[in-house]
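Only one structure is covered here, and it is reproduced in the block below.
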Amino acid sequence: MKIGISILIMRDFNIWSNGLNQNILFLAQTLRASGACSDVVLINCGDGEFPKAQVNLDDWGVRVVSQHEIGDSLDVIIEMGGAVDLKILV
């Protein structure tokens, strides 16, 4: 199963600035470790870039993609940190 979790990455984003961002990362890690998911991505609903200096996502087995890149490649989308464009969901 391929799962995407929304996250709102804006300018000056800091993964450690609030609990929601941390929970998104921990959920992604948990889903990867479950063995039920072949791919877990963070869907960036903002206009910023994930600061690689804060967390090496390769170590977590997760990558960040733009919401316009996902198309119909995911089986499940979990909206947590940002609203995914409705055009993508239908």
Side-chain angles (χ1 to χ4, degrees):
M1 183 179 313
K2 297 177 182 178
I3 297 180
I5 306 167
S6 71
I7 188 168
L8 186 61
I9 302 174
M10 303 300 283
R11 189 171 45 96
D12 299 328
F13 174 83
N14 187 326
I15 191 72
W16 308 116
S17 68
N18 66 53
L20 176 60
N21 292 334
Q22 295 168 37
N23 285 327
I24 290 169
L25 193 56
F26 294 139
L27 175 60
Q29 181 184 37
T30 300
L31 290 170
R32 287 287 300 147
S34 75
C37 303
S38 60
D39 194 17
V40 178
V41 298
L42 301 180
I43 304 168
N44 183 4
C45 296
D47 59 4
E49 292 188 24
F50 191 89
K52 294 177 172 72
Q54 293 177 13
V55 174
N56 182 353
L57 292 179
D58 291 337
D59 291 344
W60 294 66
V62 179
R63 58 192 170 89
V64 176
V65 297
S66 161
Q67 63 179 328
H68 302 290
E69 291 176 52
I70 59 174
D72 61 354
S73 64
L74 300 174
D75 299 308
V76 175
I77 294 176
I78 301 170
E79 282 191 340
M80 269 184 89
V84 177
D85 188 344
L86 288 176
K87 295 177 208 167
I88 294 168
L89 298 176
V90 289

Could you walk me through whether Leu20 and Leu8 satisfy the side-chain contact (heavy atoms from CB on, under 4.5 Å) test, starting with their C-alpha distance in whole Å, then the side-chain angles of each, then the deciding distance to 0.1 Å, before giving a yes or no?
CA-CA 10 Å; Leu20 176 60; Leu8 186 61; over 6 Å; no
Within the 4.5 Å heavy-atom criterion, are Phe13 and Asn21 side-chain neighbours or not?
yes
Report yes or no: do Val55 and Leu31 belong to one cluster of Ile/Leu/Val/Met/Phe/Trp/Tyr joined by side chain heavy-atom distances under 4.5 Å?
yes
Determine, using the 4.5 Å side-chain heavy-atom cutoff (strictly less than), whether Phe50 and Ile24 are members of one ILVMFWY cluster.
yes
Test of understanding: clusters of I, L, V, M, F, W, Y form through side-chain heavy atoms closer than 4.5 Å, transitively. Do Ile78 and Leu25 belong to the same one?
yes
Do side-chain atoms of Gln54 reach the backbone of Ile15 as a donor and acceptor pair under 3.5 angstrom?
yes
Heavy atoms from other residues, nucleotides or ligands near CD of Glu49 exceed 12 (cutoff 6.0 Å):
no
Kindly say whether Ala83 contributes a backbone atom to a donor-acceptor pair with the side chain of Ser6 at under 3.5 angstrom?
no
Verdict with supporting geometry, Ser73 and Lys2, side-chain contact (heavy atoms from CB on, under 4.5 Å):
CA-CA 8 Å; Ser73 64; Lys2 297 177 182 178; 5.5 Å; no
Is a donor on one side and an acceptor on the other found under 3.5 Å between the side chain of Gln22 and the backbone of Trp16?
yes
Single-linkage hydrophobic cluster Met1~Leu42, side-chain heavy atoms < 4.5 angstrom
yes
For Asn23 and Leu27, indicate whether the former's side chain and the latter's backbone hold a donor-acceptor pair under 3.5 Å.
no
Using 4.0 Å as the upper bound for N to carboxylate O, is an ion pair formed by Arg63 and Asp39?
yes
Positive for side chain to side chain contact (heavy atoms under 4.5 Å, CB included) with Leu74, one of Ile5, Ile43, Val65
Ile43
Separation of Arg11 CZ from Asp47 CG (nearest 0.5 Å)
8.5 Å
Any donor-acceptor pair under 3.5 Å from Arg32 side chain to Gly61 backbone
yes
Are Ile7 and Val76 co-members of a hydrophobic cluster defined by side-chain heavy atoms under 4.5 Å apart?
yes
Ignoring hydrogens and angles, tell me if any N or O in the side chain of Asn44 forms a donor-acceptor pair with the backbone of Val64 under 3.5 Å.
no
Shortest non-hydrogen contact from Ala28 toward Val62:
CB-CG2, 3.7 Å
